[in-house]
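Written below as C-alpha cells is the structure these notes are about.
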Amino acid sequence: MGDEYGGDHVDFQGGEFNGPVVGTGNFYQQAAAPTALNALPAPAAGFTGRGAELDDLLRAFDPAAVGEAVPVLVAALSGLGGIGKTALAVQAAHEACRRGWFPGGVLFLDLHGYDDDPVTGEQALETLLRALGVEPEHIPVRGDERGALYRSVLAERGRERERGAVLVLADNASSPDQVRPLLPGDARHRLIVTSRGKLPQLGARLLALDELSPEEAYELLDRALRIADSDDSRVVDEAEEAVRVASRCGHLPLALQIAAALLVLDRDKAVAELASELAEFRDRLAHLDDGERSVRAAFDLSYRRLPADQARLLRLLCLAPGNEVTIEAVTALTGDEVPPTRALGALARAHLVERGSGRGRWRLHDLVRAFGVGLVAEDVGLWEEGEGARERLLGFYVRWADAADDRLRWLPGVVEPKRFGDRAGALAWLDGERAGLVGSVVQWAGEERYARQAVRLAACLEVYLRWRRYFDDGIAVAGAAREAAHWAGDREGEAGAWTSLGIALREAGRVEEAIEAHTRARDLYQAARDRHREGMAWNNLGVALRDAGRVEEAIDALTSARDLFQAAGDRHREGTTWNNLGLALRDAGRAEEAIDAHTRARDLFQAAGDRHREGMAWNNLGVALEEAGRVEEAIEAYGRDLEICREFEDWYGTGQTLFNLALVHEGLDRPAEARACYFQAADAYTQANAPNKAADARAQAEHLTP
C-alpha cells in the first residue's frame, strides 16, 4: 500500500502491492491511436485497514453528490511517502466501478512528482489525450489548447452513453500546477489525486492519511506472509517480535511490505532475527519528505542479502535516466554481452525492480532509486563502477540515435543507412528509448565528463522531437546542450544547440525567443566562418521573423540564406529557403516573385526526391497563383499537393489545401464545389486535432448551404 502501484502480485520488497506503474496512453505509432480507458491497476492483495478513509472517499464521489450545492469533483489524498495513498485510491476506484459509477472508464497516470524531472501539467494532458484515443500528431502544442481538447473529449464521452462518467486517477503529484490542467469540466467525471503534500489550492476534498495503527500494521505483516504461504504462522507465533518489527518500520505500509518480503524470501528466518537486524541500521536515505529511518534500514537489509550480480545490477539501474529503461539499455549499462534477464527476474521477484509499461521495459520505485544512488555516492569503488556504466549507456544512446537520425534525414540518391531498414523502424526505436535519451541529455549534459557526448546526442534528437512534436522535450534537450557546449568551449556544438532550441521555441509559439536563439546561432557560425551552417541559421531566422510579422527583415534573412546555399551547392536546402522566401514575398504583396520562388522550391524538392516538402511547395504555389489571378493553375497545384498530403497522412496539410480549394471555387461562383471542399477540410482538420480550424471550415460550408 504505497505511492506506486500496478501489476497483479504482492509487492513485498517495494512496500506496496504493486508492479509496474502504467503510464497510460503512451502509444507511439502511425496507426490510429488505441484508447486506454481500463487502465486501473489491480487492487492490492491483502489490502489492510483504511476502512474509514475508504468510506470518506466513496462518499465524496457518490453520484448523488452531483445534485448537491457543492458537488465533490476532486479528492486529494495526502500523506508521507509510502503511507498507502495509491493503494487506497485504487481500492476506492475499484469499488466505485463495482457500483457502476464510472461506466465511461478509468484513466491512471503517474505524475512522478518527486522525480528529478516531474511530469508537467501539459505533459500529463498529452498522456491522457493519448489514452483517450487522440493521435500524437493531433495533440495541440499549447497547454491551454490541450486542456480544452481534454475537457471536450471527456464531455463528448460523457454524452455518448447513459451515465458515461470517467474517473481519472492522478498519482504522485507534487504541486497544484501538475493537477490543475487535469480538472474535468463536466460534473459527471471525477478526479482522484495522490500527493505527499496537501493540495488545498485545488478546491478538492482533502483526505490526509496517517500511518497505520499498531493493530493494522501487525495484521498487514501476518496477511502478507499468509498470502505467500497459507501455513506461515511466524507473525502469530512471535507476536511481540512482530509488533517490534512493525514499530521499527514506522507503521508505514511500504516498509512493512519490505520487511514481510524478507521473511517470505527466507522461510527459515525468525521474526525476532528480523527485528534485531532492523534495529542495527541507521537511516541513510534522504528521500524527499518522509525521512523514515526504518524504510532505509529495510532497503539496506534487502540489498545486503542480494547475490553480487543482482546487487551490482540494482546499483546500475538506479543510475539510468528516465522513468523506465529498456532491456537493451540495461545491457549497455552492465556491459554484458547478453541481457541480464535472470538477474532482472530475481530483482523483480524481490520487488526491488518493477516491470515497466511494456515487454522488455523495467522501472524502479522512487525510494529504491534513491537508495541505489546513495550507495554509489558513498563508496569510491562503486562510484567508479557507476561512471563506467553511465559512459557505456551514453555511448549506446549516441550510436543508435545517430543511426536513427541518419534514417530520418535520408533522401533518395545518397548512401542508405544500414542500422535501420526503414523510417518506421528508426521512429519505433526512438519512441521506445525517448525517456532515456531525453533524460541523458538533460541530466548529464552539465557534467564535464559527459558534456560533449550529451551535446552530440541532443543534435541527433532534433529532427525526431520535431517530427513527433515533442516541443517541450526539444526545448529542454536543446537548452541543456547549449549550456554544456558553452562551458565546454564547443562553439560548433553551441551553435547547433541554439538552432535546435530556436526551432523548438518557434514551434511552441515562443517566437521572440526563437529569433534570439537563431540570431545567436548565426553569430557563432559567422565567427567560425562556417558559411554553410550560417545559411541554415539565416533560413531559420527568416522563418521566425516572418512569424513575428517582421516581413522585410525576413526577406533579407532568407535571401542571405539562399545565396549562401547556392554558393555551397546545397540544392536541397536552397529549395527550403526558396519556399520560405516565397511565403515572405507573398506577405509583402509581391505575388509574381512569390510564384517564382515556390516554383523553384518545387523543382529543387523534386530533384532531391523530397516528396513531403514538394507537396508543401505545391500548396504555397497554389496560394500565390490564386492571388495573381491564375485560378486554374492554382487548382492544379492544390490537386498535386492533396495527393502528396494524403500519401503522407498529413491531415493538417490536407485541411489547408482543401480550404484553399474551397476559396477558389467560391470565388468562381461554384457554391456546390466550395461547400464540398469546406466539409472535407473540416473532416481533415478534425483528424489533425485542429478543432478551431474545423469549426471555421464547417461555418464556411454552412454559410453556402442553400
Handout entry: Evaluation steps, side-chain contact (heavy atoms from CB on, under 4.5 Å), between R407 and E416
Key = CA-CA 8 Å; R407 170 54 71 178; E416 190 169 355; 3.0 Å; yes
Problem - Nearest heavy-atom neighbours spanning L408 and R423 - result: O-NH1, 3.1 Å
Practice task
Flag the pair D402 and R456 as a salt bridge only when some basic side-chain nitrogen lies within less than 4.0 angstrom of an acidic carboxylate oxygen.
Solution key: yes
Fill in the blank from the handout: Scanning both residues in full, the closest heavy-atom pair of V455 with A481 reads CG2-O, 3.6 Å
Exercise for the section: Examine the side chains of E614 and W618 and answer whether a donor and an acceptor come within less than 3.5 Å of each other. Expected result: yes
Exercise for the section: Compute whether any side-chain donor of one residue and acceptor of the other, for Y464 and D431, lie under 3.5 angstrom apart. Expected result: yes
Practice task
Please examine the side chains of R602 and D641, heavy atoms only from C-beta on, and report whether any two atoms are closer than 4.5 Å.
Solution key: no
Completion exercise
Separation between CD (E627) and CZ (R590), nearest 0.5 Å, reads 14.0 Å
Practice task
Look at the rings of F420 and W429 and say which category their plane angle falls in: under 30° parallel, 30 to 60° tilted, over 60° perpendicular.
Solution key: tilted
Handout entry: Audit row: K693, Q656, side-chain contact (heavy atoms from CB on, under 4.5 Å) steps and yes/no
Key = CA-CA 9 Å; K693 292 280 189 180; Q656 285 182 310; 5.9 Å; no
Exercise for the section: Work out which heavy atom in G432 is nearest to a heavy atom in T326; give both atom names and the distance. Expected result: O-CG2, 3.9 Å
Fill in the blank from the handout: Taken to the nearest 0.5 Å, the spacing of D144 CG from L149 CG works out to 11.5 Å
Exercise for the section: Please state whether the rings of Y450 and W444 are parallel, tilted or perpendicular, taking 30° and 60° as the class boundaries. Expected result: tilted
Problem - R573 side chain near N539 side chain, heavy-atom distance below 4.5 Å - result: no
Handout entry: R491 CZ to D530 CG distance, which is reported to the nearest 0.5 Å
Key = 15.0 Å
Completion exercise
Closest non-hydrogen contact found for Q123 with D473 is NE2-OD1, 4.0 Å
Exercise for the section: Would you check, one step at a time, whether the test side-chain contact (heavy atoms from CB on, under 4.5 Å) holds for D696 with N692? Expected result: CA-CA 6 Å; D696 186 32; N692 293 336; over 6 Å; no
Problem - Beyond-backbone contact of L668 with I635, side-chain heavy atoms, under 4.5 angstrom - result: yes
Completion exercise
Rounded to the nearest 0.5 angstrom, the OG-CG distance for S152 and D186 is 10.5 Å
Problem - Interatomic distance, M536 atom CE to R533 atom CZ [nearest 0.5 angstrom] - result: 7.0 Å
Problem - Any donor-acceptor N/O pair, Q178 side chain to V119 backbone, under 3.5 Å - result: yes
Handout entry: Side chain proximity check, C677 to H665, heavy atoms < 4.5 angstrom
Key = yes
Problem - Check: R698/T686 side-chain N/O donor and acceptor closer than 3.5 Å - result: yes
Practice task
Show the numbers, then the answer: is there a salt bridge (Lys or Arg N to Asp or Glu O under 4.0 Å) between R466 and E507?
Solution key: CA-CA 8 Å; R466 177 154 46 98; E507 294 282 9; 5.6 Å; no
Problem - Heavy-atom side-chain contact between F605 and H572 under 4.5 Å - result: yes
Exercise for the section: For the residue pair V168 and L109, establish whether any side-chain heavy-atom pair is separated by less than 4.5 Å. Expected result: no
Handout entry: Crowding at CZ, R531 (>12 non-hydrogen neighbours, <6.0 Å)
Key = no
Practice task
State plainly whether the residues E592 and R630 are in salt-bridge range, i.e. N to O under 4.0 Å.
Solution key: yes
Handout entry: Flag, side chain of H532 to backbone of A568, donor-acceptor distance under 3.5 Å
Key = no
Problem - E433 side chain near W400 side chain, heavy-atom distance below 4.5 Å - result: no
Handout entry: Validation row: H598, L625 side chains within 4.5 angstrom (heavy atoms)
Key = no
Handout entry: Lys/Arg-Asp/Glu bridge criterion (N-O < 4.0 Å) met for E593, R586
Key = no
Practice task
Starting at CG of L107, measure out to OH of Y150 and round the result to the nearest 0.5 Å.
Solution key: 7.0 Å
Practice task
Quick one: closest heavy-atom pair of L125 and G147, and the distance?
Solution key: CD1-N, 3.5 Å
Practice task
Mark yes or no for whether R675, through its side chain, and A701, through its backbone, hold a donor-acceptor pair below 3.5 Å.
Solution key: no
Exercise for the section: Spell out, as yes or no, whether a donor-acceptor pair under 3.5 Å connects the side chain of R506 to the backbone of A544. Expected result: no
Fill in the blank from the handout: Closest non-hydrogen atoms of A451 and A484, given as atom of the first, atom of the second and distance, are CB-CB, 4.1 Å
Exercise for the section: Kindly determine whether R550 and I515 satisfy side-chain contact (heavy atoms from CB on, under 4.5 Å), including the steps that lead there. Expected result: CA-CA 11 Å; R550 297 158 62 177; I515 291 172; 3.7 Å; yes
Completion exercise
Of E647, E643, Q606, the one forming a side-chain hydrogen bond (donor to acceptor under 3.5 Å, both in side chains) with R611 is E647
